Amino acid sequence: MSEQFSVKSKKNPYKKELSRLRRAFLTVGLFSAAINLLMLTGPLYMLQVYDRVLSSGSVATLQGLFVIVVILYAFLGVYEFLRARLLSRASYRMDQAVGADAFGFWLRSGFVDNKEHYNPVQDLAVIRAFLASPAILGLFDLPWIPIFLAVVFFIHPWLGWLTVGGAIIVIIAAIINRFASRDPIKNAGNSEGVERSFVERTRRNAEAVLALGMLDKVTDRWSGLHQNSLGHYQTGGDRSEIVAAFSKSFRLLLQSTLLTVGAYLALAQEISAGMIIATSIVAGRALAPVDQVIAHWRTIGRAGDAHRRLKDAMDYIPDPQSGFDLPEPKGHLVVKNVTKLTPKNSLVSDRPRILERISFELEPGDGLGVVGSSAAGKSSLARLLVGLWQPDHGEVRLDGATLNQWHNEDLGGHIGYLPQRVEMLPGTIAENIARFDPDARDEDVIEAAQIAGVHDMILKMPQGYTTYVGTTEQPLSGGQTQRLGLARALYGSPRLLVLDEPNSNLDAKGDEALASAVIGMRKKGCTVLVMAHRPSVIQAVNKILILHEGKVGRFGLKEDVLQHATPQRPTAAPSSVFEV
Ligand SMILES: Nc1ncnc2c1ncn2[C@@H]1O[C@H](COP(=O)(O)OP(=O)(O)OP(=O)(O)O)[C@@H](O)[C@H]1O
């Protein structure tokens, strides 16, 4: 898990849903008992027809028996329907109850490199499919095997023991199957995750892949990953298929053996002819669930793995009830002794420091330019300031409260954040600016766009504010995206505005609009932080913090800091604004 999920929460929606599912399973279990009992209708009817009707020649008995059979089968049909309905409803409800949290978890793990490629949405889909599959019915039928065995024993103990022996052999085969295919199925699931992540990333970078002639090599890399996961599935499948084939043919053999022994017992006058056929059917029915479970072993194995992963992952879902309804902040920001280590990662045990003992304080209306060379820690600081990351030591306080004291959604409403890599989500421009708030007022959207200086640019688009963006149909330039991202950050008049490299794609006009947006927001009392390489935006701030290899090089009023810093030569690449 990434470090966002290192704190266990009390709320585990999946576990909560599992307890509801257990209740549903209890009812399904009762229906299964009834269904399995009613499954005896066929063989018992046959027994009566052969041994009673044919010997007595009584049509009335036959009619009476047939009416009973019709009623019993009607019940069987109703119970089968109810059982399947209960399971498919449970599967639907599970998705409803956990889907949003699983998606949120997946999204939260996405802004840092989630090396474990864990996707709970996928796991939920696997569990949902399993709950509505014949595999689970096989599992519910397993406990009722003794009913059928008891009937066979009742007919004749020899036949009973023969069936028990057969069942033991088939169950041993199922256990062997479980152990033989467990590792390949697990490995296949993991490899599939790696492959999926590769596919997603490659597609997002299709432009570079195609332009740089990397298609063949990337396809080769994908083929390798694909073969790997396919290989694991195949290994698991091969093993299961051997056991499934054995189990099926063994069952047929067992039926013929039962017929042979039954015939011998009939010749010895120990059982009737009807009993021979009834035994064969009942014994076949006893072993059918085992067969079914073996045939669907892959589905069951995948569902088991998905269940374990999902149960663990959902332990780390932040509780929406945590936090407090604090009043709207004024924008007083205190960063005290903040140290940030590299986020936890299963592949790397070493956790070097990204930021070390960072301290500074800003008042509402202050504008801070955070400058420093590449990898100095500017984006990391931005993530800490907006609550995406938690400090390992020290604290970030907004109006006296650490960021985790706020309700998540509330805090987001008070914060404006423009990340370094910005993209619009599929939706209209207005929806994107309004952060997909369904109750957004047009005037607020327009106000944000006007402060960001993008109102005119939006009006020139095909459908203005209702232009659908975020897809390939209406591509936006890098600068346009960045400017719309700024408008989104400004929406709702945030009290704390954090802009990470907001001008990396802007032209002179965009730069100007950005500077006046920063000044405008400061005038409204908003605390603004701008992480910047390019010096243009510095004109709009009153304080400067120079970051150097994760430490504060200098912090203070702009004039004071500039006096002590050596401006970068204009010919140099724009990697750092100041040398410390
Ligand atoms: N999710 C992460 N996991 C591990 N290390 C990270 C992560 N994010 C950033 N780092 C490391 O933290 C250091 C600072 O990165 P950061 O992105 O904060 O620098 P920056 O000053 O914003 O750089 P730039 O100006 O190039 O954007 C880098 O060494 C980077 O490798």
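Heavy-atom basis, side chains included; hydrogens, waters and symmetry copies ignored. In each ligand, atom 1 is the first atom listed, and ligand 1 is the first ligand listed. What you see is a predicted model; the values in this text were computed from it and never measured.
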Option whose closest heavy atom lies nearest to atom 28 (C) of ligand 1, chosen from S373, A532, A375: A375

Derivation of the side chain to side chain contact (heavy atoms under 4.5 Å, CB included) call for E361 and H332: CA-CA 8 Å; E361 197 170 331; H332 180 216; 3.0 Å; yes

Geometric class of the W222/H226 ring pair [parallel <30°, tilted 30-60°, perpendicular >60°]: parallel

Winner among R353, K378, R421 once heavy atoms are compared against atom 25 (O) of ligand 1: K378

N/O donor-acceptor pair under 3.5 Å between D392 side chain and L341 backbone: yes

Minimum heavy-atom distance M424-T481, with the two atoms named: CE-O, 3.9 Å

Q420 contact mode with ligand 1 (heavy-atom cut-off under 4.0 Å): side chain

Any N or O of W389 closer than 3.5 Å to N or O of ligand 1: no

L368 vs F360, side chain to side chain contact (heavy atoms under 4.5 Å, CB included): CA-CA, chis, key distance, verdict: CA-CA 10 Å; L368 177 71; F360 63 88; 3.7 Å; yes

Atom indices of ligand 1, in the order listed, that fall short of 4.0 Å to a heavy atom of T342: 4 (C), 5 (N)

Close approach of G377 to ligand 1, heavy atoms, under 4.0 angstrom: yes

Proximity to ligand 1 by part of R383, non-hydrogen separation under 4.0 Å: side chain

